[in-house]
Amino acid sequence: MLQLYVDQDFISPYAMAVFVALTEKGLPFEALTRDLAGGEQFEPAYRAQSLTSRVPMLVDGDFHLSESSAIIEYLEEAYPDTARVLPGNVQQRARARQLQAWLRSDLLPLRDERSTEVVYGMKPAQPLGEAARKAADKLIAVAEAVVPADGGHLFGEWSVIDTELALLLKRLTREELPARLADYVERQWQRPAFAAWRAHQLR
């Protein structure tokens, strides 16, 4: 059975993406946790396996891989007979990778002010500062350009990028989002694989 190391609070957006991908692919796996605040990710044995001392980390037999985008790519190639979590069309897949890379590398002021602790209701949402507001406006503009008019999935069929985009949009309240995007977020939020991830926070 595959093993996936995640943060003990189940709030890492990167760990979430791999958890959702594994669940959608129907691959049996065991979720194991690391106490990031306690520094467990820096323990020598874990560091030797993960290389980057971060979560998520996938264990597939004697193969260990960290960094969520790399793990998702690996799962697509190593388990081609399971459900796809990235678009099958080469141009759509390239666009999905573009969006994924952008979501992870930009919008830092928004991600700083509205952490995933806010997303999951562990902290209240505070009014956005100027830099975070500009980042939110940028996020909304991109989301409005890529989310279909009917609010459906980004690439026709669901992909893990839908979940990643929805999680970042969820840093904004329904009142801060255009209605179409707010509805898109809620549909993604209720997807069973995403709900399974959130269920771990209630344990």
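Bear in mind the structure is a predicted one, so any value in this text is a computation, not a measurement.
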Keeping the roles fixed (side chain from [X], backbone from [Y]), state whether a donor-acceptor pair exists under 3.5 Å.
X	Y	result
Gln126	Glu113	no
Arg191	Val20	no
Arg180	Glu144	yes
Thr23	Ala193	no
Arg171	Arg114	yes
Arg187	Gly151	yes
Arg111	Thr116	no

Walk me through it: do Val6 and Val18 pass the test side-chain contact (heavy atoms from CB on, under 4.5 Å)?
-> CA-CA 9 Å; Val6 303; Val18 178; over 6 Å; no
For the atom pair CG (Leu167) and CG (Leu103), what is the distance rounded to the nearest 0.5 Å?
-> 9.5 Å
Once the angle between the rings of Phe29 and Phe19 is folded into 0 to 90°, is it parallel (under 30°), tilted (30 to 60°) or perpendicular (over 60°)?
->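 Answer is perpendicular, since the angle exceeds 60°.
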Is it the case that [X] and [Y] place a side-chain donor and acceptor less than 3.5 Å from each other?
X	Y	result
Ser12	Arg54	no
Tyr74	Asp60	yes
Thr52	Glu67	yes

4.5 Å side-chain heavy-atom contact, Leu86 and Phe155 = no
Do Val85 and Leu22 have side-chain heavy atoms sitting under 4.5 Å apart?
-> no
